[in-house]
Amino acid sequence: MASERNDFIRDIIDDDLRTGRHVKVATRFPPEPNGYLHVGHAKSICVNFGIARDYQGTCNLRYDDTNPTKEDIEYVESIERDVRWLGWSPTAVLFSADYFPKMYELAERLVREGKAYVDDLSDEQIREYRGTLSEPGRPSPHRNRSVDENLDLLRRMKGGEFPDGARVLRAKIDMASANMKMRDPLLYRIRHAHHHRTGDAWCIYPMYDWAHPIEDAIEGITHSICTLEFENNRELYDWVLDNTGPWNPRPHQYEMARLALEYTVMSKRKLLTLVKDHHVRGWDDPRMPTISGMRRRGYSPEALRAFAEMIGVAKANSMVDIGKLEYCVRDDLNQNAPRALGVVRPVEVEVTGSIDTKTVDAPFFPPDVGKPGSRPLPVSNRIYIDREDWSDDPPADFKRLALGRTVRLRHGYCITADEVVARDAAGHVTKLRAHVVEGGKGLSVIHWVDAATSVPAEVRLYGRLFKVAQPEEGGGDFLEHLDPASLEIVEGARVEQSLANAEVGSRWQLERVGYFRVDEDTKPGKLVLNRISTLRETVAPKAVEAAPAEKEPSGGERKKENAKAKTRPKSKSPQEYRAEARSRDPRLQAVFDAARSHGLPEDQADLLSGDLGTATLFSKAADKVPAALVAKWIINELPRALDGKPVDGFAGDELVAMLEALQAGSITPVLAKTALAQIAAGKRFSDLKLEPAKAVDLGAAIDPVIAANPDKAAQYKAGKTGLLGFFVGQVMKSSPGADAAAVNQAVRDRLG
RNA sequence: UCGGGGAUCGUCUAAUGGCAGGACAGGAGCCUUUGGAGCUCUUUAUCAAGGUUCGAAUCCUUGUCCCCGAACCA
């Protein structure tokens, strides 16, 4: 189905579809409308909508608007616009607020079933009663109110009888849970606030952990994808589903790593600070990592989708190289942005000598892009070139214009510089004289525009907002890392005539300068161009001012992170748990002692006596089969066969039967492993159809494999010994009864 | 009474006991009327140590490091 693209979520979906757990796939993108979407959301959008697309499923856009004090209609509108601009069409556009009646109904059900209660504690008290990471919490004095009282109180909460913060509805779960999220989580709080969608209909609002699973369940979401920080919430998510259902399909939550990107910040709070404190011009400032900012900058939906594809989906926290985004943007633009000429800092050049044409026909794309189209380019003997392309004192590898040097004008003729005619106050050249070189050859090709017909433009040169790769690291204020040079506005640029009426939103490559988008600020007669990206520079033309921004925070900041880790209490190790279990349960200790008396080393005895399931399995089997053999199979092989299933259900008699057969030599170890997996799946050993160990003609088994892979055989002989496993694996596949060790040796012999 | 996750080239990500692969970045070369693009070649990785196995990134053990969790936020 989606075999070409593999990530852990798609693996799970493939599995769910294969086993029939689900017949359809339904996902959702659930933003809270309290800010603009950013590139991190773009990843989530592409994952959720991408899955729906790949599996012919559905994906809803659902506003998670359960907190009226933070949310706003402005954000609602921007979010849907951004999702659609990215190229996705929601199956439905929905609002959590529309489920408020159903959520409330289920809350009453919980109360009636004695699974929720109204608490009068203040927020500080609730926090205090909750305990800490390493200490259990205490029950609220109101935890055991009667159902009737709870129901009455809840209804009065809903009726608006109490002020904000006076009471909350809490689930009655377990104040001593190691998972803080399960310590009687809040379900409803009182908020006499106007909601953007429900107005003043409600004065109690559901919390995320209550609302989200119900929303998913109501919509029939099968795979509810969120980010890693919600891992602890999953237990509660499942609890809510268990106590409000039955639901079919029953949603399941999966967590993936959120996107972190170099040279930017992603939290809504920080983005909001940038906007509110005017460090940028708005949510859609082209330097912002918001989708609207990137759109205004000139990034295309295709580029953003390609980026999402490139970074993949996984569970490991990561920091993505900003170069990957820039690559995707350039890759798209190279194919799609027509070329034009423009100079950012014009230097007038008076060209002497004859010019035979008035215009040249210049193609929009270079031959390697291979797209059609061209425009006429006026040519004359008064032109502008870019200040970048001139040097008073050219270094040896300078390939552009200097006194006495010759360059070719793009799409035009060659010129040789004769004389500097004028300079500005700063000493920059403003006017040159040059002459045409007939049939000449230039050092390089430079861009230019015709002086008479070119049009003025304001060029906004955007760079990275921050000077450092990780502005949030180091403990200081992220604003300190803002790059004051992230925007440079150049007023006096000139671009070729054909751009005079370029459409707002159109994207162009100004050859050798960069990619640009026509900005919304453009007015008739005043073209405004945003630089989307520079061109890639294999040899930096401005090597002098290169001084790349420091990539790594300094060492001192490093230390701080570690100190933080050290303050965390240390968890118990599995070994300690097993020791504890034994001291609690004499039966386990007895198995430990028995294992020792069988001659097993202490570490094995320890592993076999940590829980009752494993311990009984071992002691039963060790009565009939040598203990060392049993230990080895239980410790090393059983976990994989079980694949997460509990040991308790594993049939010990079958294990014994299998091990006896193995001992008798009637099955090979390879077969024994597959048998173990089958037993774990509930089969009886005697019912298994297993090829008996037999004398396989190794030559007959191996030769065809070698013959079928002559190139690999050659590589092996040349020293790529890793291929041995490949050959053995192939042979084992074709001759299941073979003895792997013998095959291994025989392949080795044969390939010399 | 702490619990939940994670660790593979510089970066991101594959490999589900059998060839450690791809992409980005880097390097070398070719090509080029964009110092762009393209093409070719190429450097570089399984957190550590033990164990099981013919064979381990993958299974077991111990250890190390990183992230998340104690809002009436989501």
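All chains are named by letter (A, B, ...) in the order of the sequence lines, taking the proteins before the strands, and each is independently numbered beginning at 1.
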Report task. Tell whether A:Asn179 reaches the base of B:G69 with its side chain through a donor-acceptor pair below 3.5 angstrom. Result -> no

Query raised in the report: From B:A71, B:G35, B:C60, pick the nucleotide closest to the side chain of A:Arg127?
Result: B:A71

Requested in this report: Please determine, for the side chain of A:Asp64, which listed nucleotide (B:A74, B:C19, B:U34) has the closest atom?
Outcome: B:A74

Requested in this report: At under 4.0 Å between heavy atoms, which parts of nucleotides 44-50 of chain B does protein reach? Answer with one letter per nucleotide, 5' to 3': B base, S sugar-phosphate only, - none.
Outcome: -------

**Report entry** Distance under 6.0 Å and angle within 45° of ring axis: A:Arg170 vs A:Tyr117
**Finding:** no

Query - Of A:Tyr188, A:Tyr237, A:Phe230, the residue whose pairing with A:Tyr208 passes ring pair (Phe, Tyr, Trp, His ring centres under 6.0 Å) - result: A:Phe230

Contact list (N/O, under 3.5 angstrom) for nucleotides 52-59 of chain B vs protein:
from	atom 1	to	atom 2	distance (Å)
B:U52	O4'	A:Asn636	ND2	3.4
B:U53	OP1	A:Lys632	NZ	2.7
B:C54	O2'	A:Asn744	ND2	2.8
B:C54	O2	A:Asn744	ND2	2.9
B:A56	N1	A:Arg640	NH2	2.6
B:C59	O4'	A:Arg640	NH2	3.0
B:C59	O2'	A:Asn636	O	3.1

Query raised in the report: Do A:Asp331 and A:Gln335 have side-chain N/O donor and acceptor atoms under 3.5 Å apart?
Result: no

Query raised in the report: Do A:Gln509 and A:Glu511 get their side chains close enough for a donor-acceptor pair, meaning under 3.5 Å?
Result: no

Query raised in the report: With a distance cut-off below 6.0 Å to the six-membered ring centre and an angular limit of 45° from the axis, does A:Arg167 pair with A:Phe162 as a cation-pi contact?
Result: yes

Query raised in the report: Whole-Å distance between B:G18 P and A:Leu724 CG?
Result: 14 Å

Report task. Apply salt bridge (Lys or Arg N to Asp or Glu O under 4.0 Å) to A:Arg536 and list each qualifying residue two or more places apart in sequence or on a separate chain. Result -> none

Report task. Check if the side chain of A:Arg234 and the base of B:G4 share a donor-acceptor pair of N or O atoms closer than 3.5 Å. Result -> no

Query raised in the report: Can you give one letter per nucleotide of nucleotides 9-14 of chain B, going 5' to 3': B for a protein heavy atom under 4.0 Å from the base, S for sugar-phosphate only, - for none?
Result: -BBSSS

Report task. Kindly give the heavy-atom pair with the smallest separation between A:Tyr327 and A:Met310, and that separation in Å. Result -> CD2-CE, 3.6 Å

Report task. Find the distance A:Tyr237:OH to B:G4:C1' and express it as a whole number of Å. Result -> 18 Å

Report task. Could you check whether A:Asp368 gets within reach of a base, just the sugar-phosphate, or nothing at all, counting any heavy atom under 4.0 Å? Result -> base

Distances under 3.5 Å between protein N/O atoms and the N/O atoms of nucleotides 26-33 of chain B, please, pair by pair.
from	atom 1	to	atom 2	distance (Å)
B:G26	OP2	A:Arg536	NH2	3.4
B:U33	O3'	A:Arg410	NH1	3.4
B:U33	O2'	A:Arg410	NH1	2.7
B:U33	O2	A:His411	N	3.1
B:U33	O4	A:Arg408	NH1	3.2

Report summary line: Paired runs of 3 or more consecutive Watson-Crick or G-U pairs involving RNA chain B, with both pairing distances under 3.5 Å, are B:2-7 with B:64-69, B:10-13 with B:21-24, B:26-30 with B:38-42, B:47-51 with B:59-63

Query raised in the report: For B:A71, does the O4'-C1'-N9-C4 (purine) or O4'-C1'-N1-C2 (pyrimidine) torsion place it in syn, i.e. within 90° of 0, or in anti?
Result: syn

Requested in this report: Write down the distance between CD (A:Gln575) and P (B:G51), rounded to a whole number of angstrom.
Outcome: 17 Å

